[in-house]
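Below: the structure, in structure tokens.
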Amino acid sequence: MRWEERRYPQLAGIDAQDAVAILPLGAIEAHGPHLPVGSDVWIAEAMAREGARRLAERGVAAYVLPALAYAPSPFGADFPGTLSIRPETLVALLVDLAASLAEQGVATLVLVNSHFDPSQVSAVREAAERIRELGRPRVVFPDLTRRRLAERLTEEFRSGSCHAGRYESSIVLAERPELVDEEARAALPPLPISLVDAIRNGRATFAHAGLAEAYCGDPAAASVEEGHAIVATLGEIVAEAVTSGV
Ligand SMILES: [Zn+2]
């Protein structure tokens with residue numbers, strides 16, 4: 001299932017498979033005092049893995065590509081540990097990678113994004129557009145910031161209070177529990193600030209949006225169970241996006 005774990009003879013004849021390659025897009029960005037800076041990478045990987053598993057169950061050959069950990073992250077740039085690249089760098093990388101996948105015979109590229117900095121979302125949208133113009137591979141981008149998909153996720157996610165809060169903390173608790181600082185998490189007061197509203201009001205960093213500790217939402221309310229449930233929904237969204245042809 002993981003592309004990089006295959007040997008080359010196992011990756012021959014991909015073009016005959018109508019194969020799907022899923023690229024997890026994360027970030028290295030401050031995620032509150034309780035979650036590691038790599039949280040978005042693991043969230044995107046979990047979404048990709050569950051999507052691939054569900055596609056395989058439906059008879060679709062699906063491969064998960066190595067995650068892209070680097071992203072435009074200007075919102076979190078003031079915090080230690082955040083690494084950021086230019087949006088155009090991401091667009092160029094995605095377009096180049098899509099061309100290489102097409103040469104390898106991959107029919108469909110799925111962009112799975114868990115990092116919602118506006119510069120990331122717009123860069124992924126632009127890359128998807130440019131890959132569509134190239135014609136191959138078919139590109140599928142289930143954009144979780146669109147209302148139709150956001151409605152299937154949790155109330156906190158829909159509220160826009162979705163950075164290192166209950167939603168993301170639950171997923172990391174389910175995926176990488178040993179890396180969550182539980183003492184710090186339990187002590188964090190809820191911070192119901194909507195990043196969607198903050199962005200609309202021209203805020204361009206977490207600090208200016210009122211996220212003094214690089215989190216919003218309610219991380220203390222997170223749970224492993226909720227994390228598993230969210231990952232299942234995310235996987236279903238990926239599988240449906242591929243099979244429905246959206
Ligand atoms: Zn995140």
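For clarity, every value in this text was computed on a predicted model and none was experimentally measured. Just so it is clear, the values below take in all heavy atoms, side chains as well, and ignore hydrogens, waters and symmetry mates.
Checking side-chain atoms of Arg2 against main-chain N and O of Pro66 turns up no donor-acceptor pair under 3.5 Å. Checked by atom type and distance alone, the side chain of Ser73 never pairs as donor or acceptor with a backbone atom of Ser84 at under 3.5 Å. Between the side chain of Gln10 and the main chain of Arg7, a donor-acceptor pair closer than 3.5 Å is present. When atom types are taken as modelled, the side chain of Arg203 and the backbone of His208 share a donor-acceptor pair closer than 3.5 angstrom. Distance alone, capped at 3.5 Å, places no donor-acceptor pair between the Ser161 side chain and the Pro192 backbone.
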- Task: Could you go through the salt bridge (charged side-chain N to carboxylate O under 4.0 Å, His left out) check for Arg54 and Glu57 one step at a time?
- Result: CA-CA 5 Å; Arg54 281 152 200 274; Glu57 282 171 4; over 6 Å; no
- Do Thr89 and Tyr70 pass the side-chain contact (heavy atoms from CB on, under 4.5 Å) test, and can you show the C-alpha distance, the side-chain angles, and the key distance before you say yes or no? CA-CA 10 Å; Thr89 306; Tyr70 305 106; over 6 Å; no
- Arg53 and Glu50: CA distance, side-chain angles, deciding distance, salt bridge (charged side-chain N to carboxylate O under 4.0 Å, His left out) verdict: CA-CA 5 Å; Arg53 199 173 60 74; Glu50 282 308 298; 2.8 Å; yes
- Query: Is there a side-chain contact (heavy atoms from CB on, under 4.5 Å) between Thr243 and Leu55 once you walk through the steps?
  - Reply: CA-CA 8 Å; Thr243 53; Leu55 285 166; 3.9 Å; yes
- Task: Using the salt bridge (charged side-chain N to carboxylate O under 4.0 Å, His left out) rule, take Arg185 and Glu182 through it: C-alpha gap first, then chi angles, then the decisive distance, then the call.
- Result: CA-CA 5 Å; Arg185 183 178 73 81; Glu182 279 293 77; 2.5 Å; yes
- Message: Thr82 vs Ile28, test: side-chain contact (heavy atoms from CB on, under 4.5 Å). Steps then yes/no.
- Response: CA-CA 5 Å; Thr82 299; Ile28 302 295; over 6 Å; no
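For Asp40 against Ala27, the heavy-atom pair with the smallest separation is CB-N, 3.6 Å. Nearest heavy-atom pair, Ala44 versus Gly26, reported as atom, atom and distance to 0.1 Å: CB-N, 4.3 Å. Looking at every heavy atom in both residues, Ala30 comes nearest to Phe206 through O-CE1, 4.2 Å. In terms of heavy-atom proximity, Val41 sits nearest to Ala67 at CG1-CB, 3.9 Å. When all heavy atoms are compared, the tightest approach of Ile22 to Gly51 is CD1-C, 4.3 Å.
Taking a cutoff of 4.0 Å between a charged side-chain nitrogen and a carboxylate oxygen, Glu45 and Arg176 do not qualify as a salt bridge.
Aromatic rings from Phe116 and Phe75 are positioned such that their centres are separated by 6.0 Å or more.
In this structure, the side chains of Glu240 and Arg152 come closer than 4.5 Å at one or more pairs of heavy atoms. Residues Leu35 and Trp42 form no side-chain contact, since every pair of their non-hydrogen atoms from C-beta on lies 4.5 Å or further apart. Put simply, the side chain of Ile230 does not reach to within 4.5 Å of the side chain of Phe157, judged on heavy atoms.
Screening Glu156, His34, Glu226 for a side chain to side chain donor-acceptor pair (under 3.5 Å) with Ser169, the sole residue that qualifies is His34. Checked against Val238 for a side-chain contact (heavy atoms from CB on, under 4.5 Å), the options Val140, Val112, Thr233 give a single hit: Val112.
By the 30° and 60° cut-offs, the orientation of the rings of His163 relative to His31 is tilted.
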